[in-house]
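Here the structure is a predicted model, which means the values were calculated and not measured. Starting from 1, each residue takes its place in the sequence as its number.
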Amino acid sequence: MVIGLGFTLISTIASSELVNADAMYRQLGEVEVIEYDDMIKQIDNAQIPIVDEELAKKQADKKIGQDVALGSRVSLKNVSIQEVDGEIIFVAPLEHSGFFKWNTYRTTPGYITVSASNPNKVNYVTEIDGKKIEIAYQPSAYFGNDLTRHIRNQGFRTEGLTEYTFELDDNGYPYWVVTTYKNRTWWGSPEATGVVIVDAQSGKTHWYSYDNLPDWVDIVQPKEFVETQIDNWGELVHGVFNWSNQDKIKKTDLTLTVYVDGDCYYFTGMTSVGSDESCVGFIMVNTRTKKPYMAYMSGATENAAMKSAEGLVSDFGYTSTEPLPLNVNGIPTYVMALKDAEGLIKSYAMVNIENYSIAVKGNSLAETERSYMQAIARSGNNHVVGSDEAYGYTYEGVVERISSVVQDGTTYYYLVVEGEEEKIFTASYLVSDELAVTRDGDTVKLSYIDDKNGTVDIVSFDNVAFAVPVSDDQNRRDELDQDTSALDSEYNQIVQVNPDLTRETWESMTEEEKAKLLDEYLKNKQ
């Protein structure tokens with residue numbers, strides 16, 4: 001017992017950051033500093049992976065429920081996001097719902113896929129090239145078909161095994177990809193060494209190092225390992241005895257899985273120690289090679305962006321999905337879906353990363369993007385420097401053609417103007433009431449955002465033919481009110497209520513008492 005306790009104590013100390021601070025700090029690798037627009041590219045709205053794991057599982061469960069016999073036999077336990085033949089999807093293998101079901105059937109018939117950009121695109125795949133899919137090896141199987149036991153029996157008895165991911169090759173054939181690892185210290189600092197790939201049907205097993213991985217494998221680095229290494233990189237920047245927290249940073253609560261140019265990454269914000277709502281930058285780690293990238297940029301954390309988006313729909317009680325970092329016309333932006341209590345998408349939101357007070361919602365991603373660009377323009381940020389640049393312009397000219405269309409309950413107007421025939425200008429009815437009465441040949445003044453990618457969103461619109469003359473009284477009032485707040489305006493009868501008088505007290509007063517109080521205030525004002 002004494003020897004065992006002594007060994008445990010020595011091993012714990014030998015594995016701790018007290019002894020291994022420098023090695024733990026460097027385990028993440030050399031972090032390459034890049035710009036945000038080099039980190040996250042702009043993608044088409046139709047390809048934005050807006051569906052989260054919860055909704056994907058719900059849609060897959062619904063698909064199983066359509067077959068009563070199948071629903072009583074199998075269950076969904078592992079749902080993973082991946083890119084298959086250029087499309088980002090969630091994949092869920094059908095697994096045994098219990099020992100007796102396994103003992104009766106021994107295999108499960110196929111898997112379900114859910115599009116990450118369209119929750120209604122759900123497929124139940126039972127065969128490939130005319131051959132039925134029968135998944136025999138899985139974590140929920142028993143005896144020799146138990147996935148871990150099968151791998152151990154193939155010669156991997158001393159290897160650390162973790163991160164069991166069900167992945168498809170580009171032809172849709174199913175495999176289990178399991179990360180192998182070794183500890184760098186006695187009991188800690190695990191490091192991925194490669195993957196064991198198991199044919200989910202035949203059980204054929206092969207180990208791959210980083211050098212010869214199949215191209216279709218997305219996940220090698222376990223998220224838990226990467227998160228710990230990011231924490232150590234931010235915490236141990238000046239060793240373990242950095243009592244003043246000099247240069248320390250820490251990751252935010254959320255770690256997202258994102259795809260950039262076909263590669264998979266873990267993405268998370270980094271904040272200074274003690275900060276909750278703002279980021280100092282973002283870090284992105286390749287899920288295959290563990291290559292880390294850092295973009296220094298002040299902005300909102302993922303949680304702050306979610307709160308901002310949920311505030312737009314507080315009356316409905318919708319909740320936000322995990323925000324997806326994107327470039328929207330060269331502007332760093334969080335994009336998220338807003339879901340009801342049943343987990344169904346009801347709306348979408350975009351939140352500016354650098355200024356999360358700029359937040360908009362819409363019934364579709366296209367509508368949300370239009371509103372977002374208008375909000376950006378109103379904020380005075382008409383020019384955004386990035387790989388995809390957005391510029392603000394003004395124009396006065398003649399309308400050659402105008403038409404309208406209703407999308408998701410909102411009326412949008414499309415204009416072609418003289419001298420800018422290569423552009424189609426768009427605006428919702430909320431931009432100006434004058435859009436509804438504008439006709440071909442009218443002279444208009446407009447401001448718009450042009451991202452040089454064919455999207456031209458009108459920010460402000462004025463039909464010169466409907467200009468309303470300003471009266472002399474209005475001109476005098478505008479002059480008097482210049483640099484004057486609404487509370488101080490001579491024209492506004494605004495009564496300032498004593499803030500110490502609580503709502504409860506005010507509402508308990510009779511109408512006569514309220515009138516008397518206001519009369520006294522006005523007399524004192526005079």
**Student:** Given side chains that start at C-beta, do those of Ser460 and Ser447 come closer than 4.5 Å, heavy atoms only?
**Tutor:** yes
**Student:** Assess whether side chain to side chain donor-acceptor pair (under 3.5 Å) is satisfied between Thr255 and Glu227, documenting all intermediate values.
**Tutor:** CA-CA 8 Å; Thr255 301; Glu227 288 179 330; 2.7 Å; yes
**Student:** Does the ring of Phe225 carry Lys223 above it, NZ/CZ under 6.0 angstrom from centre and within 45° of its axis?
**Tutor:** no
**Student:** Kindly say whether Glu342 contributes a backbone atom to a donor-acceptor pair with the side chain of Asp340 at under 3.5 angstrom?
**Tutor:** yes
**Student:** Nearest 0.5 Å, please: how far is CD1 in Ile81 from OG1 in Thr257?
**Tutor:** 6.5 Å
**Student:** Do Asn355 and Ser357 meet the criterion of a side-chain donor-acceptor pair at a distance under 3.5 Å?
**Tutor:** yes
**Student:** Looking at Glu420 and Lys423, is there a salt bridge between them, counting it only when a charged N and a carboxylate O are closer than 4.0 Å?
**Tutor:** yes
**Student:** Looking at every non-hydrogen atom in both residues, tell me the closest pair between Ser97 and Ser75 and how far apart they are.
**Tutor:** CA-OG, 4.0 Å
**Student:** Quick check: do Ile219 and Val177 have side-chain heavy atoms less than 4.5 Å from each other?
**Tutor:** no
**Student:** Is a donor on one side and an acceptor on the other found under 3.5 Å between the side chain of Thr107 and the backbone of Glu134?
**Tutor:** no
**Student:** Starting from the C-alpha separation in whole Å, work towards a yes-or-no answer on salt bridge (charged side-chain N to carboxylate O under 4.0 Å, His left out) for Lys121 and Glu87.
**Tutor:** CA-CA 12 Å; Lys121 188 179 179 181; Glu87 181 182 8; 3.1 Å; yes
**Student:** Do Ile89 and Val114 come close enough that some side-chain heavy atom pair is under 4.5 Å?
**Tutor:** no
**Student:** Would Gln201 and Tyr173 count as a side chain to side chain donor-acceptor pair (under 3.5 Å) here? Give the steps.
**Tutor:** CA-CA 9 Å; Gln201 299 187 89; Tyr173 196 87; 3.1 Å; yes
**Student:** Parallel, tilted or perpendicular: which fits the ring planes of Phe282 and Phe267, with parallel below 30° and perpendicular above 60°?
**Tutor:** parallel
**Student:** Distance check, rounded to the nearest 0.5 Å: Met336 atom CE versus Glu310 atom CD?
**Tutor:** 9.0 Å
**Student:** When rounded to the nearest 0.5 angstrom, what is the spacing between CD1 in Ile88 and CD in Gln82?
**Tutor:** 11.0 Å
**Student:** Provide the closest heavy-atom pair for Pro93 versus Ile135 in the form atom of the first, atom of the second, distance.
**Tutor:** CB-CD1, 4.2 Å
**Student:** Quick one: does Ile345's side chain get under 4.5 Å of Leu55's, heavy atoms only?
**Tutor:** yes
**Student:** Can you tell me if Ser140 and Glu95 form a side-chain donor-acceptor pair at under 3.5 Å?
**Tutor:** yes
**Student:** Classify the side-chain pair Thr252/Thr268 by whether it contains a donor and acceptor separated by less than 3.5 Å.
**Tutor:** yes
**Student:** Return yes if a side-chain donor-acceptor contact under 3.5 Å exists between Thr108 and Gln138, otherwise no.
**Tutor:** yes
**Student:** List the atom of Trp176, the atom of Asn78, and the distance in Å for their closest heavy-atom pair.
**Tutor:** CH2-ND2, 4.1 Å
**Student:** Among Ile230, Thr271, Val280, find the residue that satisfies the side-chain contact (heavy atoms from CB on, under 4.5 Å) test when tested with Ile249.
**Tutor:** Val280
**Student:** Is there side-chain contact between Arg288 and Cys264, with at least one heavy-atom pair below 4.5 Å?
**Tutor:** no
**Student:** In Å, rounded to the nearest 0.5 Å, how long is the span from CD1 of Ile40 to CG of Leu324?
**Tutor:** 7.5 Å
**Student:** Under 3.5 Å, is there a donor on one side chain and an acceptor on the other for Asp218 and Tyr259?
**Tutor:** yes
**Student:** Does Arg401 pair with Glu418 as a salt bridge, N-O distance under 4.0 Å?
**Tutor:** no
**Student:** With a 4.5 Å heavy-atom cut-off, do Met270 and Trp233 have their side chains touching?
**Tutor:** yes
**Student:** Around atom OH of Tyr414, are there more than 12 heavy atoms of other residues, nucleotides or ligands at under 6.0 Å?
**Tutor:** yes
**Student:** Other residues, nucleotides and ligands only: do more than 12 of their heavy atoms fall within 6.0 Å of CD on Glu127?
**Tutor:** yes
**Student:** Answer yes or no: is there a donor N or O on one side and an acceptor on the other, between the side chain of Lys77 and the main chain of His96, under 3.5 Å?
**Tutor:** yes
**Student:** Counting N and O atoms only, with roles assigned by atom type, does the side chain of Ser308 sit under 3.5 Å from a partner on the main chain of Met306, one being a donor and the other an acceptor?
**Tutor:** no
**Student:** Provide the closest heavy-atom pair for Ala141 versus Ala136 in the form atom of the first, atom of the second, distance.
**Tutor:** CB-O, 4.2 Å
**Student:** For a quick test of reading the model, state the closest non-hydrogen atom pair linking Tyr36 to Leu326 and the distance between them.
**Tutor:** OH-O, 3.2 Å
**Student:** So, Lys248 and Glu235, do they make that salt bridge, N to O below 4.0 Å?
**Tutor:** yes
**Student:** In Å, rounded to the nearest 0.5 Å, how long is the span from CG of Leu70 to CG of Leu94?
**Tutor:** 5.5 Å
**Student:** Taking all heavy atoms of Leu168 and all of Pro174, pick out the closest pair and write down the distance.
**Tutor:** CD2-CA, 3.8 Å
**Student:** Say whether Asn352 and Tyr372, considering side chains only, have a donor N or O and an acceptor N or O under 3.5 Å apart.
**Tutor:** yes
**Student:** Between Tyr111 (side chain) and Gly172 (backbone), is there a donor-acceptor pair under 3.5 Å?
**Tutor:** yes
**Student:** Go through Glu163 and Thr179 one step at a time and tell me if the side chain to side chain donor-acceptor pair (under 3.5 Å) criterion holds.
**Tutor:** CA-CA 6 Å; Glu163 198 73 16; Thr179 299; 6.0 Å; no
**Student:** Are the charged groups of Lys339 and Glu54 less than 4.0 angstrom apart, N to O?
**Tutor:** yes
**Student:** Side-chain donor-acceptor pair under 3.5 Å between Tyr164 and Thr148, yes or no?
**Tutor:** yes
**Student:** Out of curiosity, Thr289 OG1 to Asp263 CG, how far, rounded to the nearest 0.5 Å?
**Tutor:** 8.0 Å
**Student:** Fit a plane to each ring of Tyr293 and Tyr265, take the angle between them on a 0 to 90° scale, and name the class: parallel (under 30°), tilted (30 to 60°) or perpendicular (over 60°).
**Tutor:** perpendicular
**Student:** Considering only heavy atoms from C-beta outward, does the side chain of Pro139 approach that of Leu147 to under 4.5 Å?
**Tutor:** yes
**Student:** Find out whether Met297 and Glu354 are in side-chain contact, i.e. whether some heavy atom of one side chain is under 4.5 Å from a heavy atom of the other.
**Tutor:** yes
